[in-house]
Asks: 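Here it is, the structure, as structure tokens.
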Amino acid sequence: MCRAMGAGEDRKELLLPLAQAVERRLAGRLREGTVPEDCGTAFPLAAAMLVMDRLAGIAGGGAGKVSSFTAGDLTIRRESGSSGRSLSAQAEELLAPWLGDTGFVFQGVAG
């Protein structure tokens, strides 16, 4: 899937270990009692999206890369072509029905 998404031969040595790490991490985030197979094709697709986002980050060319930053009067610019949503965010949304707690979670506090 990563190759279909544009991973080139120059990243071949990174693909397998990165894909394995992403798969383990993603499987660990599934709800209790849920296995990757329960997610159908959404799991490998989400994993590939995460791998591609990580590869882009390694290369320094990820979507949303900041091309300019000014502290006075705060100016932040993103490179053109950024969709505004990372592949990681899209992968998380794709797997949302099967993921355990994500983001902020309230827990009871004795008081």
Side-chain angles (χ1 to χ4, degrees):
M1 283 191 178
C2 291
R3 294 248 190 255
M5 292 177 160
E9 280 293 318
D10 59 330
R11 297 292 183 195
K12 183 178 180 179
E13 70 281 355
L14 293 174
L15 277 179
L16 182 60
L18 188 54
Q20 289 171 335
V22 164
E23 182 181 12
R24 279 190 304 273
R25 182 175 177 271
L26 203 52
R29 292 189 56 213
L30 295 174
R31 279 188 309 223
E32 189 174 328
T34 303
V35 294
E37 292 78 17
D38 295 337
C39 307
T41 57
F43 188 87
L45 178 57
M49 293 167 79
L50 288 167
V51 168
M52 293 303 292
D53 210 17
R54 300 306 188 270
L55 281 176
I58 290 169
K65 180 180 171 190
V66 175
S67 62
S68 175
F69 178 83
T70 307
D73 292 331
L74 187 62
T75 303
I76 300 174
R77 290 191 181 93
R78 291 182 182 220
E79 288 186 5
S80 61
S82 171
S83 67
R85 289 182 52 218
S86 70
L87 284 174
S88 294
Q90 293 176 51
E92 179 126 354
E93 184 179 307
L94 181 66
L95 280 183
W98 298 281
L99 290 177
D101 292 334
T102 60
F104 190 81
V105 178
F106 283 100
Q107 291 187 346
V109 177

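When reading the values below, keep in mind they use all heavy atoms of this one structure, side chains included, and skip hydrogens, waters and symmetry mates.
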Asks: What residues form a side-chain contact (heavy atoms from CB on, under 4.5 Å) with Met1, not counting sequence neighbours?
Replies: Pro44, Leu45, Ala48
Asks: How long is the span from the CG atom in Leu55 to the CG atom in Leu15, to the nearest 0.5 Å?
Replies: 5.5 Å
Asks: Suppose we screen for side-chain hydrogen bond (donor to acceptor under 3.5 Å, both in side chains). Which residues come up paired with Ser88, at least two apart in sequence or across chains?
Replies: Asp53, Arg54
Asks: Got a sec, which residues hit salt bridge (Lys or Arg N to Asp or Glu O under 4.0 Å) with Glu9, two or more places apart in sequence or on another chain?
Replies: Arg3
Asks: To the nearest 0.5 Å, what is the distance between CD on Glu23 and CZ on Phe43?
Replies: 5.0 Å
Asks: Just jot down the side-chain contact (heavy atoms from CB on, under 4.5 Å) partners of Ala46, sequence neighbours excluded, or say none.
Replies: Leu26, Ala91, Leu94, Leu95
Asks: Side-chain heavy atoms nearer than 4.5 Å, only ILVMFWY residues, links allowed to pass through others: does that put Val51 and Met5 together?
Replies: yes
Asks: Enter the distance from Arg31:CZ to Leu99:CG here, rounded to the nearest 0.5 Å.
Replies: 8.5 Å
Asks: Roughly how far, to the nearest 0.5 Å, is the CE atom of Met49 from the CD atom of Glu93?
Replies: 8.5 Å
Asks: Once side-chain hydrogen bond (donor to acceptor under 3.5 Å, both in side chains) is applied, do any residues pair with Gln20, and if so which ones, sequence neighbours excluded?
Replies: none
Asks: State the CG-SG distance between Leu50 and Cys2, to the nearest 0.5 angstrom.
Replies: 9.5 Å
Asks: Ala89: what forms a side-chain contact (heavy atoms from CB on, under 4.5 Å) with it, not counting sequence neighbours?
Replies: Ser86
